[in-house]
Amino acid sequence: GENVEQHPSTLSVQEGDSAVIKCTYSDSASNYFPWYKQELGKRPQLIIDIRSNVGEKKDQRIAVTLNKTAKHFSLHITETQPEDSAVYFCAATVSGSARQLTFGSGTQLTVLP
Amino acid sequence: DAGVTQSPTHLIKTRGQQVTLRCSPKSGHDTVSWYQQALGQGPQFIFQYYEEEERQRGNFPDRFSGHQFPNYSSELNVNALLLGDSALYLCASSIQTGANNSPLHFGNGTRLTVT
């Protein structure tokens with residue numbers, strides 16, 4: 001089955017700096033990669049996703065890049081703000097497998113004011 | 001537009017007991033997935049229901065079972081509770097659109113504590 005590894009487990013940045021979180025996956029058939037943000041005591045919320053036919057996707061301060069050959073994908077957050085502080089999870093799945101997401105272990109991002 | 005709702009929010013059970021968790025999907029969604037999230041870990045897929053049938057199942061024992069009702073709501077049942085079943089149980093809904101489901105929308109979860 002799919003295995004997703006996520007690094008780093010914790011990340012502290014100064015407000016205004018950029019943050020990068022990296023994930024690798026094992027199943028070359030995986031073709032859908034969402035990122036979720038989970039604030040303490042709250043639900044995971046989808047912040048951006050990418051399909052394998054696209055190499056990069058941006059949404060305002062958030063971008064995701066995908067390297068299918070190397071089987072890794074990354075989340076980039078620019079101009080970080082204190083409200084970006086949360087746990088971020090990457091995930092992978094093969095579309096058609098009923099969205100059986102395999103999640104990474106999470107990254108605790110802290111944005112220092 | 002109501003999102004995914006789960007009940008109860010918190011639950012305390014004793015080892016060996018049985019528990020039922022409930023989920024109502026987001027309006028317009030027809031597919032419900034259940035995930036277990038242990039403290040400090042990412043969610044782990046338990047199973048998914050569509051058209052009142054279990055469609056996919058993760059690596060969980062038969063003690064974990066579920067049901068989907070005609071109104072798309074769902075229940076997760078866990079029998080013979082173990083201490084290790086203590087976790088946040090998340091329900092997620094989506095729309096089945098051919099081979100590609102829509103993105104998952106999660107509920108706030110049920111925090112289960114087994115003592």
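All of these numbers come straight from a predicted model, not from anything done at the bench.
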Legend entry - Per-residue contact mode, B:Q6 against chain A (heavy atom under 4.5 angstrom): neither
Inset, instruction - Determine which residues belonging to residues 67-92 of chain B lie within contact range of chain A, meaning some heavy atom pair is under 4.5 Å apart, and list them by number or answer 'none'. - result: B:L88, B:L90
Legend entry - B:W34-B:F45 aromatic ring centre distance below 6.0 Å: no
Inset, instruction - Walk me through it: do B:R55 and B:E51 pass the test salt bridge (Lys or Arg N to Asp or Glu O under 4.0 Å)? - result: CA-CA 9 Å; B:R55 300 291 178 165; B:E51 292 185 332; 3.1 Å; yes
Inset, instruction - Look at the aromatic rings of A:F103 and B:F106 and report parallel, tilted or perpendicular, splitting at 30° and 60°. - result: perpendicular
Inset, instruction - Identify the heavy atoms of B:S93 and B:V4 that sit nearest to each other, and give their distance. - result: OG-CG2, 3.3 Å
Legend entry - From A:L75, A:I77, A:T10, residue fulfilling side chain to side chain contact (heavy atoms under 4.5 Å, CB included) relative to A:L109: A:I77
Legend entry - Per-residue contact mode, A:Q108 against chain B (heavy atom under 4.5 angstrom): neither
Inset, instruction - Tell me, please, which residues at least two apart from B:F64 pass ring-ring contact (aromatic ring centres under 6.0 Å, His included). - result: B:F60
Inset, instruction - Please indicate whether A:Q60 has more than 12 foreign heavy atoms, meaning atoms of other residues, nucleotides or ligands, lying under 6.0 Å from its CD. - result: no
Inset, instruction - Check each atom of A:P34 against the heavy atoms of chain B and say whether the ones under 4.5 Å are side chain, backbone, both or neither. - result: neither
